[in-house]
Amino acid sequence: EKGGFAHFMLKEIHEQPDSLRNAIRGRLDFNLGSSVLSGMGTSPRDLAEIQRVVLVGCGTSLHAGLVGEYAFEDMADIHSEVQQAAEFRYRNPIIGSRDLVVAISQSGETADTLAAVREANQKGAFVMGLCNVVGSTIARETGRGVYLHAGPEISVASTKAFTCQVAVMLMMALKLGRGRRFSRDEGMKFAKAIEAIPELVQKVIEQSDRIEAIAARYAENEHAFFIGRGPMYPVALEGALKLKEISYIHAEGYHAAELKHGPIALLQEGTPVIALANDIPGKDKTLGNVEECRARGARILGIITEGDHEAAEAMDDVIEIPACHPLVSTIPAAVALQLLAYHIANVRGCEIDQPRNLAKSVTVE
Ligand code: F6R
């Protein structure tokens with residue numbers, strides 16, 4: 001059932017080109033330069049009414065929401081924010097009929113996310129589900145939304161759900177954007193960028209053996225830092241979460257600019273810093289932060305754009321991802337970090353599919 005892979009996690013990492021193809025299939029409209037997401041159940045008029053997008057979720061789904069936030073602001077020119085689902089439900093959120101609340105949940109059963117859906121429904125918001133499991137409670141209670149079509153995710157550590165969640169949010173942002181400032185031309189370009197995602201991910205997966213060799217050099221450490229900025233900041237958070245949950249290495253994700261406000265005090269000779277330094281706006285600043293870490297003796301693993309010699313020179317080790325749109329690049333970068341976490345955990349002999357203290361679905365608050 002693991003299809004020849006040692007663990008479900010590895011199988012699901014490898015499935016991503018296919019699951020992403022399934023998530024994208026039939027949903028891009030190259031004539032209109034837009035996307036077709038009929039499950040959203042919104043007319044262009046409904047979409048024009050929306051003033052704010054509020055994304056709620058937990059864990060990895062929360063991190064996907066943080067990437068989505070950039071997409072909605074950037075593509076759709078619409079105020080967007082992310083809230084941890086438990087926080088959302090208890091803080092008496094200010095929302096109403098012109099807010100689109102998107103509940104992000106692979107399982108569709110996470111208790112806090114479900115409670116957030118009920119709260120948003122109560123307040124009359126436009127509520128949508130972004131679920132993988134068809135017919136799950138959140139999918140049913142939202143009544144509208146977009147399924148991921150990622151296929152069953154068995155591994156406790158979420159992988160393909162994350163990348164499909166991001167891909168679907170990029171398509172949602174494209175659709176909302178086309179109702180606003182985004183031109184047909186820009187829309188077509190972005191649709192093409194989305195269409196290329198499965199191929200980009202395939203190129204990262206082909207480097208699995210190389211990543212395994214790199215992982216062996218980082219597997220002895222008990223602490224690690226992940227840094228990024230812009231849409232790569234949530235990817236840093238997600239990379240740190242993957243590493244800590246399956247390898248039990250203490251890993252922290254930080255905004256690259258935040259390190260010098262405190263956490264840099266923890267860097268010692270050989271402390272791993274995984275820097276998301278691919279070619280997006282702000283890359284030079286991140287390279288500056290990398291330099292600061294290196295000056296404290298950190299060992300730097302850079303996730304960089306293929307062929308970027310300047311970035312490569314700043315690093316001790318590199319994993320390359322193909323050049324692509326900055327928002328799209330979050331997906332291949334996340335896959336690189338999934339493989340890194342997997343191989344590190346494997347070297348450490350961890351129970352990858354059944355990490356201690358964790359369950360696949362968190363149905364208590
Ligand atoms: C991490 C992980 C969890 C889930 C979280 C939300 O790898 O799997 O952080 O992402 O429990 O689960 P869903 O998306 O099912 O609501």
Side-chain angles (χ1 to χ4, degrees), residues 7-13 15-16 19 23 55-68 82-89 101-120 127-142 145-169 226 234-249 251-253 334-335 337-342 344-345 350-365:
H7 297 95
F8 281 109
M9 184 182 180
L10 191 60
K11 170 173 179 266
E12 289 164 11
I13 290 172
E15 275 169 3
Q16 287 176 109
S19 48
L55 304 151
V56 296
C58 301
T60 289
S61 295
L62 177 70
H63 296 156
L66 288 164
V67 177
V82 181
Q83 289 195 28
Q84 208 282 342
E87 184 63 14
F88 177 89
R89 60 173 301 206
V101 175
V102 183
I104 309 169
S105 175
Q106 188 285 129
S107 62
E109 304 295 344
T110 299
D112 282 319
T113 312
L114 175 60
V117 163
R118 291 179 176 157
E119 184 60 27
V127 187
M128 271 177 208
L130 213 164
C131 300
N132 192 38
V133 177
V134 175
S136 56
T137 312
I138 292 172
R140 279 187 282 112
E141 292 208 13
T142 47
V146 187
Y147 279 120
L148 302 180
H149 300 316
E153 193 179 66
I154 313 280
S155 159
V156 168
S158 183
T159 55
K160 59 182 181 170
F162 176 83
T163 49
C164 288
Q165 284 163 344
V166 172
V168 166
M169 278 187 284
F226 288 72
V235 177
L237 298 179
E238 174 58 9
L241 176 60
K242 284 291 91 90
L243 186 64
K244 72 185 106 180
E245 72 181 326
I246 60 166
S247 78
Y248 315 134
I249 292 173
E252 304 237 31
V335 173
L337 298 187
Q338 293 166 358
L339 281 167
L340 179 71
Y342 173 83
I344 288 178
C350 299
E351 278 286 338
I352 292 176
D353 283 332
Q354 296 301 329
R356 70 185 179 213
N357 308 339
L358 294 178
K360 181 66 184 155
S361 187
V362 183
T363 52
V364 291
E365 296 170 18

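Each ligand, and each atom within it, is numbered from 1 in the order the structure gives.
Interface atoms of ligand 1 facing K242, defined by a heavy-atom separation under 4.0 Å, are 1 (C), 7 (O). Contact atoms of ligand 1 toward S105: 13 (P), 14 (O), 15 (O), 16 (O) (distance under 4.0 Å to a heavy atom of the residue). For ligand 1, the atoms closer than 4.0 angstrom to any heavy atom of A157 are 7 (O). Interface atoms of ligand 1 facing S61, defined by a heavy-atom separation under 4.0 Å, are 10 (O), 13 (P), 14 (O). Using a 4.0 Å cut-off to heavy atoms of C58, the atoms of ligand 1 that qualify are 5 (C), 6 (C), 10 (O).
The shortest N or O to N or O distance between Q106 and ligand 1 is below 3.5 Å. Residue G59 places no N or O, backbone or side chain, under 3.5 Å from any N or O of ligand 1. Checking only distances, S158 does come within under 3.5 Å of ligand 1, N or O to N or O.
Distance check: K160 NZ to I154 CD1 gives 7.5 Å after rounding to the nearest 0.5 Å.
Salt-bridge check for R118 with E141: passed, with a basic side-chain N closer than 4.0 Å to an acidic carboxylate O.
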Using side chain to side chain donor-acceptor pair (under 3.5 Å), reason through T159 and Q338 one step at a time and then give a plain yes or no.
CA-CA 7 Å; T159 55; Q338 293 166 358; 4.8 Å; no
What do the steps show when you test S61 against Q106 for side chain to side chain donor-acceptor pair (under 3.5 Å), and what is the final call?
CA-CA 7 Å; S61 295; Q106 188 285 129; over 6 Å; no
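Scanning the protein for heavy atoms near atom 11 (O) of ligand 1, the closest one is V362 CG2, 4.0 Å. When only non-hydrogen protein atoms are considered, atom 15 (O) of ligand 1 lies nearest to S107 OG, 2.6 Å. Looking from atom 10 (O) of ligand 1 to the surrounding protein, the closest heavy atom is T60 N, 3.1 Å. The protein atom (non-hydrogen) at minimum distance from atom 12 (O) of ligand 1 is T110 OG1, 3.4 Å. Nearest protein heavy-atom neighbour of atom 7 (O) of ligand 1: E245 OE2, 2.5 Å.
Residues that satisfy the ring-ring contact (aromatic ring centres under 6.0 Å, His included) test with F162, not counting sequence neighbours, are absent from this structure. In terms of the ring-ring contact (aromatic ring centres under 6.0 Å, His included) criterion, H149 has no residue partners (sequence neighbours excluded).
Nearest approach of Q16 to V335, heavy atoms of both residues: NE2-CG2, 3.7 Å.
Side chains of E109 and T137: a donor-acceptor N/O pair is present below 3.5 angstrom, by distance only.
Contact annotation: for E109 versus ligand 1, there are no heavy atoms closer than 4.0 Å. Of all the heavy atoms of V156, the ones lying under 4.0 Å from any atom of ligand 1 belong exclusively to the backbone.
Under a 3.5 Å cut-off, the side chain of E12 and the backbone N or O of S158 do not form any donor-acceptor pair.
The shortest side-chain heavy-atom distance between L148 and L130 falls under the 4.5 Å cut-off.
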